[in-house]
Amino acid sequence: MQTTLPKQPVTRPAPRLVPTQPVTLTINGTPHQLQLAPWTSLLDALREYAHLTGTKKGCDHGQCGACTVLVNGKRINSCLTLAVMKEGDDIQTIEGLATGDPANPENLHPMQRAFIEHDAYQCGYCTPGQICSAVGLMNEGHAKSRSDIQELMSGNICRCGAYPHITDAIQEVMQQTPKNA
Amino acid sequence: MSNYIGKPLSRVDGVAKVTGKAKYAAEFDAPDLAYGYVVSSTITKGRITHIDTSEALSLPGVLSVITHENRPKIAWLDMSYKDQDAPPGSPFRPLRDNKISYSGQPIALVVAETFELARYAASLIRVDYREAPHETNLDTNLHRARKPKSGLASLLKPPPPKPRGNFDEVYAASSAKVEGRYSHSPEHHNPMEMFASTVVYEKDDKLTIYDKTQGAQNSQLYVTQAFNMSFSDVRVISPFVGGAFGSGLRPQYQLFLAVMAARELKRSVRVTLTRQQMFTFGHRPATIQNIALGADSTGKINAIYHDAVGETSQFEDYTEIVPTWSPMIYPAENVTLDYKIVPLDVFTPLDMRAPGGVTGVPAIETAIDEMAYELGIDPLELRLINYSDRNMAEDKPFSSKELRECFRQGAERFGWAKRNPQPGSMRDGRNLIGWGMSTGMWDANQMPARAEAVLTVNGKLRVTSATADIGTGTYTIMTQIAADTLGMPIEDVMFKLGDSDMPLAPIEGGSWTAATVGSAVKVVCEELGKKLFKLAQKVPGSPLAKAKWEDVEFADKHIRLKQNPVAAVSLQQAVDQNGGAAVWQKSTSLPAMMKQKNYARAAHSAVFVEVMVDEDLGTIRVTRAVSAIAGGKILNPKTARSQIIGGMVWGISKALEEESVMDHSIGRFMNHSLAEYHVPVNADIHDLDVIFVEEHDEIVNPLGVKGLGEIGIVGMPAAIANAVFHATGKRIRELPITLDKIL
Amino acid sequence: MNSFSYSRPDNVNAAVSEISGQKQAKFIAGGTNLLDLMKENVEHPHHLIDINHLPPGFIDELPEGGLRLGALVTNADTAYHELVKKNYPLLSMAILAGASPQLRNMATNGGNLFQRTRCYYFYDTATPCNKREPGSGCGALTGYNRIHAILGTASSGDTPQCIATHPSDMCVALRALDAVVRVSGPNGERTVPIADFHRLPGDEPQRDNTIEPDELVTAIDLPQEHFNTHYTYLKLRDRASYAFALVSVAVALRLDEGGQIAEARIALGGVAHKPWRNPAAEALLTGKTAGETLFRQVAEQLLDGAQGYGNNTFKIELAKRAIVRALELAYAGSTQADDAYNQEDIL
């Protein structure tokens with residue numbers, strides 16, 4: 001049986017374009033003045049306008065977690081917020097986690113080092129989101145057990161299936177981090 | 001010699017991956033970059049009668065809308081669209097004409113100054129269609145099943161062997177019999193990175209293309225042929241690939257569209273597909289299989305019937321090896337196999353992690369479990385009774401097969417001996433516990449490949465080959481091989497891949513890359529070593545001046561006498577003899593066919609799984625699993641373990657979660673998002689254990705490796721399905737096993 | 001996604017008066033559902049009013065007892081708030097069963113009330129959908145409807161216009177707790193009991209709720225009754241986390257000293273166009289103690305009139321079993337025992 005297909009939506013607005021405006025985003029402590037229309041997501045602003053491509057687009061619909069960044073220390077999906085809404089906020093991306101030259105392993109964030117040590121990735125595409133999410137998880141302080149980590153990291157899909165190693169890496173960093181840190 | 005092979009080295013590309021510096025196809029920039037957005041067909045079959053792009057084109061900043069009506073001329077012959085992995089048939093050509101062959105088919109490309117504008121303009125394209133009736137349901141079209149056409153691809157995917165013995169007669173007389181129908185839904189690869197091509201328009205109309213692919217040279221070949229360009233004008237680069245699992249074995253349509261737009265506009269263009277559009281090209285085909293097994297009272301399986309029908313498109317005959325796995329694992333004397341396909345109004349299926357293997361093996365391994373219950377023999381015991389060192393599909397001995405040892409070590413680690421065979425006999429509160437097992441198997445192939453090695457004037461080694469690293473660890477293991485061959489510290493060795501300008505390598509698939517490219521890297525480093533040896537002999541007062549090649553070894557950045565390591569010349573001294581130039585070598589590695597042809601070559605696994613099934617609610621959890629792998633030499637236990645763990649996660653996904661569900665009334669996949677196409681999340685994955693069983697093999701290739709990309713998944717689905725049966729007494733032959741099938 | 005303009009008012013009155021003047025304007029808070037739907041061309045507002053800069057909402061105890069949840073407080077801050085964890089653990093549990101940590105950090109309490117269905121057809125503009133395009137038909141009715149409604153779809157045998165379900169977990173708990181929603185509009189403030197907030201599809205499946213486009217949710221009030229000892233939120237889905245419910249059950253019980261059930265609340269998610277309750281079924285429990293037969297009887301009553309449409313027919317039996325299990329867990333005073341193993345403390 002063939003279902004009748006609908007005509008194009010009738011409620012669609014007449015085509016028009018809202019002009020761009022200057023938007024200042026503070027990314028990894030540095031102000032970036034960008035020229036954006038309201039429809040630019042934070043994710044696209046990072047990747048296409050600020051040219052910080054460490055933050056990944058895996059679905060653009062909040063269904064994979066590859067775009068996870070930290071805003072004011074909290075992990076969010078950058079694909080489901082508008083850049084213009086984050087003016088004045090402190091945005092941290094994967095590029096801002098290491099201090100100084102990342103070629104020196106000493107400069108890497110402990111979570112980055114743990115991901116390398118535990119081979120907590122394969123293709124690497126979900127990795128920046130996993131690491132930002134893991135840092136956010138530690139900031140939140142709600143994970144008390146391995147199964148808590150697993151549940152609270154379930155917003156980051158890894159199609160390569162590196163989950164056991166991701167959990168190992170996070171568990172190790174949590175164990176090394178003083179409770180009151 | 002240095003000693004990196006066999007060591008659990010961290011990935012050499014690790015820092016790039018954890019800092020966001022690793023760049024994927026959509027992440028390369030160009031000053032004149034424009035953005036393309038694909039418009040997809042909303043119908044499944046028919047014709048476009050009218051396409052109105054005026055509203056889209058009226059927006060300032062929209063550069064072009066390319067449709068079948070205004071597209072530039074493209075190559076005429078089917079031949080020009082055949083990539084290295086094209087099945088027999090007529091490859092799909094985007095925007096060829098007004099014909100719609102499947103739901104989601106690309107019908108226009110909008111190009112604009114920004115991504116957001118292109119996306120908006122795409123929503124303004126108005127399309128009128130004349131619909132035709134479609135057929136997308138394999139189950140209701142089985143009567144149309146036919147033999148596939150043969151072509152180049154048939155070399156790697158031969159049809160099943162002819163019948164052996166007399167199945168009907170022996171089966172009829174068998175004292176134990178099982179019969180079953182096994183099926184699974186289509187699945188989509190869904191790598192985390194969505195398909196993208198960034199086409200940089202260079203001067204003199206040359207193109208530099210950053211493409212998501214498992215073969216940069218395959219994409220290059222496709223573009224040069226489809227657009228009648230010369231190889232020197234098209235360079236394809238793909239240093240990092242955000243997962244592929246087979247989806248990058250063929251160029252996808254965003255590549256074609258991005259190249260077309262760049263050439264038309266004479267500027268750089270990027271096209272990225274949406275997650276929804278990731279469901280509009282190749283997929284693992286829905287397949288329906290029938291199996292009948294006959295055994296005598298001792299458990300010896302003497303009759304096997306195994307048939308399979310898979311879906312394909314109306315334009316290409318995609319095939320897999322499905323029933324042939326039965327006689328590859330079990331040495332029955334009476335075997336009848338059959339394989340057919342049904343053309344449907346869908347896109348051509350595409351190899352997806354262990355294509356055919358993780359279709360056929362789970363079916364036969366579930367049937368074997370059924371036979372074990374029929375006979376009252378432990379499933380592991382039954383497999384040992386029917387163990388074979390010969391592959392009866394080809395009637396050749398295996399070059400090596402340590403499966404027996406996999407069974408032993410896996411069973412011991414898992415605690416299989418403590419299993420009570422009675423279904424439903426083990427529980428923890430409201431959870432029924434089930435233990436199941438399966439054999440896994442995958443081909444160990446080797447292809448020809450080339451590599452280049454250069455020792456620079458400052459003593460660094462740079463090795464290249466146009467292969468890919470889709471997360472498999474290619475960068476790392478090739479660096480290890482090169483470092484060991486020339487006795488260098490790993491910090492002084494750099495391996496590069498993913499560039500069509502590099503020496504020839506095949507598409508990265510079939511678990512053959514370690515064997516194929518690894519052998520080429522070994523050969524080229526050895527031959528570079530010979531050149532360096534000759535230079536070392538010219539060093540004034542060289543202690544090697546009279547030495548023979550057989551007398552020396554490479555270690556600690558030196559060439560030295562095996563018998564007298566103090567007699568050494570440093571690699572730096574050798575290079576310094578080359579008149580201020582680097583020392584360069586390019587070599588080819590070919591499989592030793594004369595040596596290999598008398599043997600069947602494969603990796604094997606034994607998989608043991610525990611599931612917990614809620615007795616009322618039907619929820620299933622894989623609480624632990626052990627995979628014992630016989631995969632030849634393990635180059636890097638750390639990345640190797642990741643490969644197998646990943647395969648096991650895929651096995652859990654295939655057994656319990658993953659399916660692309662089509663509404664056949666409209667011929668469209670409806671769960672086309674990562675919210676509704678379920679793959680495991682972290683909380684789904686519990687205790688996964690990997691054992692690498694020692695396996696020595698000098699026949700498969702000079703390195704003795706068998707490849708690990710696929711063997712991890714093959715045994716999992718049946719082990720899980722068998723564990724579910726053990727827990728619940730319910731035999732589910734239709735994957736995935738979702739909770740509604742347990743209720 | 002179409003182009004739209006953007007504003008950031010700093011007080012409720014300004015926000016309400018701004019939206020009153022613009023027919024195709026929408027409020028945006030967390031944005032997690034709205035931007036998703038805009039990218040799918042399902043929603044196309046001309047103008048977005050960012051309400052994140054209105055006076056921030058708090059979680060405050062109400063003078064007469066109970067708790068007020070600010071509309072702009074995020075789902076995460078609500079679920080982990082000490083007073084919510086202590087007094088309304090059912091709500092905390094339901095929120096944490098939904099979405100992902102990232103989404104819960106973005107999504108607000110007010111926004112969650114307006115979360116739209118996950119129906120495949122609603123999301124796919126290539127297919128018919130009466131909710132998205134009234135009059136175009138319902139693709140799910142004869143199509144793929146695994147995640148669709150089994151209750152409240154049609155009265156007396158009429159062909160339903162829509163079999164979509166409400167996707168929120170939070171709202172299922174709110175329904176069990178008899179929350180009250182506070183709304184500001186051009187005519188001032190009003191309160192809406194949660195039972196009247198969401199609606200059944202009827203002849204207007206395009207309307208998810210009873211709130212006018214120019215009204216703004218400012219807070220959700222939880223009544224004094226806590227149900228903080230015998231409760232559970234049981235969610236069944238196709239994977240362990242980060243998936244929408246096939247069926248979910250929120251149970252809140254108040255027991256008397258003898259262990260008899262003094263009051264029972266049962267709300268179902270994933271089965272209807274709104275969180276589902278049935279007072280007659282709840283009444284069966286009053287004055288009783290636990291019993292499998294009784295619980296099954298309650299489940300049968302709750303699913304009275306349920307209808308399957310093919311792929312989703314299994315939900316009828318699944319819901320009944322889930323209700324029995326949730327009642328058992330709540331009565332026993334245990335919570336959803338999801339991870340009995342692997343619970344070693346890591347810190």
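Note on naming: letters A, B, ... go to the chains in the order of the sequence lines (proteins, then strands), and numbering restarts at 1 for each one. Here the structure is a predicted model, which means the values were calculated and not measured.
- Using a 4.5 Å cut-off between heavy atoms, B/Ile652 does not touch chain A at all.
- Only the backbone of B/Ala22 comes within less than 4.5 Å of a heavy atom of chain A; no side-chain atom from C-beta onward does.
- Of the listed residues (B/Ser642, B/Gly667, B/Ser10), the one with the most heavy-atom contacts under 4.5 Å to chain A is B/Ser642.
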### Task
Kindly determine whether A/Trp39 and B/Leu117 satisfy side chain to side chain contact (heavy atoms under 4.5 Å, CB included), including the steps that lead there.
CA-CA 9 Å; A/Trp39 64 6; B/Leu117 182 58; 4.1 Å; yes

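- With 3.5 Å as the limit, one finds no donor-acceptor pair spanning the side chains of A/Arg159 and B/His189.
- Contact of B/Ala121 with chain A is not made at all, since no heavy-atom distance falls under 4.5 Å.
- Proximity to chain A is limited to the side chain of B/Glu658, based on heavy atoms less than 4.5 angstrom apart.
- Across B/Ser58, B/Gly242, B/Gly243, B/Ala244, the residue that shares the most heavy-atom pairs under 4.5 angstrom with chain A is B/Gly242.
- Scanning all heavy atoms of the two residues, the minimum distance from B/Met192 to A/Ile157 falls at CE-O, 3.5 Å.
- Side-chain contact between B/Asn682 and A/Thr167: present, with at least one pair of heavy atoms (C-beta onward) separated by less than 4.5 Å.
- Heavy atoms closer than 4.5 Å to chain A are found in both the backbone and the side chain of B/Pro60.
- Only the side chain of B/Leu688 has a heavy atom closer than 4.5 Å to any heavy atom of chain A.
- In this structure, chain B has a heavy atom under 4.5 Å from the side chain of A/Ile166, while its backbone stays farther away.
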### Task
Given side chain to side chain contact (heavy atoms under 4.5 Å, CB included), test B/Trp650 with A/Cys160 step by step and report yes or no.
CA-CA 8 Å; B/Trp650 269 64; A/Cys160 296; over 6 Å; no

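- Scanning residues 77-92 of chain A against chain B with a 4.5 Å heavy-atom cutoff picks out nothing at all.
- Interface residue B/Val15: backbone and side-chain heavy atoms are both found under 4.5 Å from chain A.
- B/Val649 touches chain A through its side chain: at least one heavy atom from C-beta onward sits under 4.5 Å away, while N, CA, C and O do not.
- Here the closest heavy-atom approach between residue B/Leu59 and residue A/Arg16 is recorded as CD2-N, 4.4 Å.
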### Task
Step by step, work out the side chain to side chain contact (heavy atoms under 4.5 Å, CB included) result for B/Thr19 and A/Glu95.
CA-CA 6 Å; B/Thr19 55; A/Glu95 288 93 344; over 6 Å; no

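- The shortest non-hydrogen separation linking B/Glu27 to A/Thr53 is OE2-O, 3.3 Å.
- Top candidate by heavy-atom pairs under 4.5 Å with chain A, chosen from B/Gln643, B/Lys21, B/Glu676, B/Arg353, is B/Gln643.
- Contact annotation for B/Tyr475: neither backbone nor side-chain heavy atoms come within less than 4.5 Å of a heavy atom of chain A.
- Near-neighbour residues of residues 106-124 of chain A relative to chain B, defined by a heavy atom under 4.5 Å from a heavy atom of that chain, comprise A/Leu108, A/Gln112, A/Phe115, A/Ile116, A/Glu117, A/Asp119, A/Tyr121, A/Gln122, A/Cys123, A/Gly124.
- Contacts between residues 127-139 of chain A and chain B, defined by a heavy-atom separation under 4.5 Å, are made by A/Thr127, A/Pro128, A/Ile131.
- Of the two parts of B/Ser653, only the side chain, counted from C-beta on, holds a non-hydrogen atom closer than 4.5 Å to a non-hydrogen atom of chain A.
- Using a 4.5 Å cut-off between non-hydrogen atoms, the part of residues 55-70 of chain A that approaches chain B consists of A/Lys56, A/Lys57, A/Gly58, A/Cys59, A/Asp60, A/Gln63, A/Cys64.
- Taking chain A as the reference chain and counting heavy-atom pairs below 4.5 Å, the highest number among B/Pro191, B/Gly473, B/Pro680 is found for B/Pro680.
- When each of B/Arg275, B/Lys17, B/Glu116 is checked for heavy-atom pairs under 4.5 Å with chain A, B/Glu116 comes out on top.
- Inter-residue side-chain proximity for B/Ile685 and A/Pro164 is flagged as met; some heavy-atom pair is nearer than 4.5 Å.
- In terms of non-hydrogen atom pairs under 4.5 Å with chain A, the most contact-rich of B/Thr274, B/Asp13, B/Thr639 is B/Thr639.
- When all heavy atoms are compared, the tightest approach of A/Tyr125 to B/Tyr24 is N-OH, 3.5 Å.
- The side-chain heavy atoms of A/Tyr163 and B/Asp684, taken from C-beta on, include no pair separated by under 4.5 Å.
- Ranked by non-hydrogen atom pairs under 4.5 Å with chain B, the options A/Met153, A/Glu48, A/His51 are led by A/Glu48.
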